[in-house]
Amino acid sequence: MTPELTALFVARAGDHHAGVHPCTPAELPGLLATLLAGATAVVLPAGTPPQWTARLGPPTLPGDTLTATELDAPGLAVLTGCALAVAETGTLVLDGGAAQGRRLLTLVPDHHVCVVRAAQIVADVPDLVIALPDPTRPLTMISGPSATSDIELNRVEGVHGPRRLDIVCLPPG
Amino acid sequence: MSTRHPPPGRQLPIVAVTPFPRAAAGALRDAQLRANLGRATRTIREKRAAVVAEVPDWEQLRDRAARVKDDVLDRLPELVDRFTRAATAAGATVHHATDAAAANAVVTDLVRAQGVDRVVKVKSMATQEIGLNEALAAAGVTAVETDLAELIVQLADDTPSHILVPAIHYNRGQIRELFARRMPGFHADSDDPAVLAGAARDYLRRTFLAARVAICGANFAVAETGSLVVVESEGNGRMCLTLPDTLIAVVGVEKLLPRFVDLGDFLRLLPRSSTGERMNPYTSIFTGVTPGDGPRRLHVVLLDNGRRRVAADPVGRAALRCIRCSACLNVCPVYERVGGHAYGSVYPGPIGAILSPQLTGQDAGHNATLPYASTLCGACYDVCPVKIDIPAILVHLRQTGPKPAAERAAMAWLGWTMRDRRRWRAALRAARSGGRPLRVLGRRHGGRLRRAPWPLSAWTTHRDAPLPAEESFRDWWHRTHDS
C-alpha cells in the first residue's frame, strides 16, 4: 500500500507487456474512455462503479447475461476491477466479486482493462494467499496478456486469452 | 522420432521400449535435434538464472518446500481423505484410482455419460502417464490437446520430449511446415512465432466454444479447502476450466498440499524454475463448482499408479516431491544432447530417470537402463526447487536395480578375490603378466590402452583403459625395504 509497492507493481506489470497507466481519481473517467475508445462495445460486470463508465463512448453490455459466443464478437472489450494485486510479480487477482464477474468475461474478449486501487496491492504471493478474503471463490491470477513460450522457448504474446491488457492504477489515499 | 505409445493395457507411456544407450545413440546422430535443443535450453537456463537471482531467500524457499512435500508423503492417506471431504463439500465428485487402467475407465465412463465424442484437454502429465488419450480413442472419443506445444506434437503424430514444452525438439520453421500440412485453414508464409501462435488461436477458438467436456490436471491440490490449481500461460487452460459444462481433473496424489497458505511458496518457486518468469500469465484456483461461473459438474480423479509404493522407499520417495517444473531437464548435459525421446517415457531427463523406473518398477521394459542416463554431475540437484537429490536417487536405483549376468559374475569373483590377501596378490600378478604385451602398445598413449578386444571393448569404445602398473606398491616395498 506504500507508494513503493505501487511503483514496484507498475514496473513489474509493465515487464509482462501489459499497458500500465497510473492516474488520479479525477483523471480516471477520461483515461478509461481513451483506452476503450476503439472497442465495438464494453462488457461490464455487475458492481462496476458508475464513475468508471461516465465518459465511455462505445455502448456497454451487462456481463452477467452474455454467452461465450456473444463475448467472442470482434472488437469487444471488458472493463473490470480486481480483488487484490501482487507488486513483486505484477499480478492481478480476480475472485468473481463486485466489478469482476464470471471468469470467462476476462478471457474471451480480446481486450481487458482492469482498475487497481493502491490499497489492493500486496507485496508478494505469500502475502496474497493470506490476504484473500475467501480462497474458495473461483480465483484467477493474471500476469500480463496471454502468452506462450512453446516455440523455441521465447515468450510470444497473444494466444487464447485477451491479447491486450491495460492496467489502470489509482494512487494511495 | 515418431514412436507412438503402445495402446493402453499393454504398456504405459512411462515404460522405455528401447535401452537408453541405444535410443541415445540414435538421437545423437540427429544434428538438427541437437541444434534445436541447444538453443532452447540455453535460452531457458539464462532466464531462470536471472529471476532466481532476484530472490534473496531462494535457498530457504527450497528447504521449506521440500519439508512441506515430505510431510505430504508422510500423511498421504490422511490428506487424500481431507481433500476428498473438502472437495465433495464444495460440490465436486472425487474418485480414487489405484492404477492407470482404473483412472482411464473412470474418465472414459464420465465422458460417455455426457454423450460426447470430443473433449478438450489442458496439458497434463498425469493424463499422459496413464495414456488417457489412447484409452479415449479406443472408446471412440477424440481428445483435442489445446496447449500449443501439445497441439504441435499431436498434429505431428509425435510424442512429447519435454515436461514443460513437449515440442521443444521443433524449431519455428518445422512448426510452420507442420501447420501448413496438418492444420485446416492455415495459409501463412511466415514462421514468426506470433503468427504461428495466432494460427493456433483461430484454429482452437471454435473448438473451445463448442466443447461440452474438458479434461485437465492440476499443479497443486489443497487438502484443507479441496481447491485445485492450474498454472498456465496461453489461456487454453482457462478456456477448458470455464467454458464446458463438465470438467474432469486427473491429479496424482503427490500433488496435494496440506494448507492453502502453502501455495505462497510454491507459486513463487514454480514459474521461476519452469519458464523463468516471475509469474506465469494465468493461474486458476477453483474449489468445487460455483453456480453461474464455470462448469456445473466437476470430477476429480485422484491417481495413485505406484505413488504409495514409491513413498515407502526411504531414499527414492523424494522423487515424489517433484512439481514438474523441468528445470532439471534444461540444465542436464545428457538431456541437452539426446533430447526427451531417448528416455522412452513422458517423464524425460533427470527427473524421468528416477521417476519412471520407480513408478513402474525397474523390471518394466528397459526402465532399469534409465538410472544410468546421467553423469552424476549434480546440476539437476542444484536447480531443483524442491531439492530432490537426483544423483543420490540415481545411485540408489543403480544399486537396487537388476544387473547383467556377466556383471554379477564379475563382481562375485572380485569380491571373493579381494577377501583374501594371497588371492588378491596372485590376481594382481596375473594381471601384470597378462598386461605386459598390451603395455608395449599402451606406451605410445601414455600408458593407457585405447582399444581392447571384446568384451573389454565395451569399455574402450568410449574411454581409455588404464594398464596395470609394472610393479605393485607392495612388491616395490618388499624389494627396497625388506632385504
Side-chain angles (χ1 to χ4, degrees), chain A residues 12-13 15-18 64 67-69 71-72 86 88-91 93-96 100-108 110 124-130 132 134-163 165, chain B residues 36 39-41 43-44 47 90 146-149 152 164-165 167-168 170-172 175 193-194 196-198 200-201 204-205 208-209 222 225-227 233-236 238-239 241-243 260-261 263-265 267-268 271 275 277-288 290 292-294:
Chain A
R12 291 290 162 89
D15 286 350
H16 296 307
H17 299 182
D64 35 8
T67 65
T69 309
L71 287 165
D72 194 36
V86 183
E88 171 71 24
T89 59
T91 302
V93 184
L94 277 67
D95 71 354
Q100 300 165 62
R102 294 172 294 157
R103 287 173 287 177
L104 58 87
L105 295 187
T106 56
L107 174 65
V108 181
D110 211 10
D124 204 349
V125 183
D127 308 282
L128 167 76
V129 293
I130 292 166
L132 279 168
D134 178 2
T136 67
R137 300 172 73 108
L139 300 166
T140 307
M141 299 168 62
I142 299 173
S143 309
S146 144
T148 182
S149 301
D150 279 354
I151 300 170
E152 299 175 6
L153 286 179
N154 279 311
R155 179 161 164 147
V156 176
E157 267 90 38
V159 198
H160 303 295
R163 283 182 277 202
L165 173 66
Chain B
N36 294 355
R39 190 179 317 117
T41 52
T43 306
I44 193 75
K47 284 167 68 182
T146 63
D147 169 76
L148 178 53
I152 292 165
L164 173 72
V165 193
I168 194 169
Y170 289 89
N171 64 29
R172 58 183 78 186
I175 296 168
L196 298 172
R201 176 188 173 100
L204 285 173
R205 185 57 63 127
F208 283 131
L209 293 173
V222 182
T225 53
S227 312
S233 295
E234 297 170 11
N236 64 307
R238 293 180 66 195
M239 289 278 178
L241 300 179
T242 51
L243 294 185
F260 190 85
V261 292
L263 287 173
D265 284 344
L267 288 177
R268 287 180 84 200
T275 49
E277 296 170 294
R278 294 189 188 108
M279 188 56 77
N280 50 291
Y282 297 134
T283 297
S284 297
I285 307 177
F286 54 101
T287 308
T290 306
D293 188 351

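Chain naming here is simple, since letters A, B, ... match the order of the sequence lines and numbering starts at 1 in each. Since the structure is predicted, the reported quantities are computational estimates derived from the model, not experimental observations.
The parts of A/P162 that come within reach of chain B are both its backbone and its side chain, each placing non-hydrogen atoms under 4.5 angstrom from that chain. With a threshold of 4.5 angstrom between heavy atoms, A/V129 approaches chain B through its backbone and through its side chain. Of the atoms belonging to B/T43, it is side-chain heavy atoms, and not backbone ones, that fall under 4.5 Å from chain A. Residue contact with chain A, scored on non-hydrogen atoms closer than 4.5 Å, is absent for B/A90. Interface residue B/L243: only side-chain heavy atoms are found under 4.5 Å from chain A. Neither the backbone nor the side chain of A/D64 comes within contact range of chain B; no heavy atoms are under 4.5 Å apart.
Nearest heavy-atom pair across A/I151 and B/L196 is CD1-CB, 3.7 Å. When all heavy atoms of B/M279 and A/S143 are compared, the closest pair comes out as CG-OG, 3.1 Å. Among all heavy-atom pairs drawn from B/A194 and A/V156, the shortest one is CA-CG1, 3.4 Å. For the pair A/P145 and B/P281, the tightest heavy-atom approach, listed with the atom from each and the gap, is O-CB, 3.9 Å.
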- Item | From CA spacing to verdict: side-chain contact (heavy atoms from CB on, under 4.5 Å), B/N236, A/V159 | CA-CA 8 Å; B/N236 64 307; A/V159 198; over 6 Å; no

- Step-by-step side-chain contact (heavy atoms from CB on, under 4.5 Å) determination, B/Y282 to A/I142: CA-CA 5 Å; B/Y282 297 134; A/I142 299 173; 3.9 Å; yes

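Among the candidates A/T140, A/V93, A/L139, the single residue satisfying the side chain to side chain contact (heavy atoms under 4.5 Å, CB included) test with B/I285 is A/L139.
The line from CG of B/N280 to CE of A/M141 is 7.5 Å long, rounded to the nearest 0.5 Å. For the atom pair CD (B/E277) and OG (A/S149), the distance works out to 5.0 Å, reported to the nearest 0.5 Å. Atoms CZ and CD, on B/R268 and A/E88 in that order, are 6.5 Å from each other to the nearest 0.5 Å. A distance of 12.0 Å separates CG in A/L104 from CG in B/L241, rounded to the nearest 0.5 Å. Expressed to the nearest 0.5 Å, how far CZ of B/R278 lies from OG1 of A/T89 amounts to 9.0 Å.
For the residue pair A/T106/B/R238, the side-chain donor-acceptor check at 3.5 Å is satisfied.
The greatest number of non-hydrogen atom pairs below 4.5 Å with chain A, out of B/G198, B/G264, B/A149, is found for B/G264. Ranked by heavy-atom pairs shorter than 4.5 Å toward chain B, the options A/L132, A/D124, A/T136, A/L107 are led by A/L107. Heavy-atom pairs under 4.5 Å with chain A were tallied for B/S233, B/A197, B/A40; the largest tally goes to B/S233. Residue with the most contacts toward chain A among B/D293, B/T287, B/D147: B/D293 (heavy-atom pairs, distance under 4.5 Å). Heavy-atom pairs under 4.5 Å with chain B peak, among A/R103, A/E157, A/R102, at A/R103. Most heavy-atom pairs under 4.5 Å with chain B, from the set A/V125, A/I130, A/L94: that is A/V125. The candidate from B/T225, B/L263, B/N171, B/V222 with the greatest count of non-hydrogen atom pairs under 4.5 Å with chain A is B/N171.
B/R205 contributes a side-chain N or O that, together with a main-chain N or O of A/V108, makes up a donor-acceptor pair within less than 3.5 Å. In this structure a side-chain-to-backbone donor-acceptor pair under 3.5 Å is present from B/R201 to A/G161.
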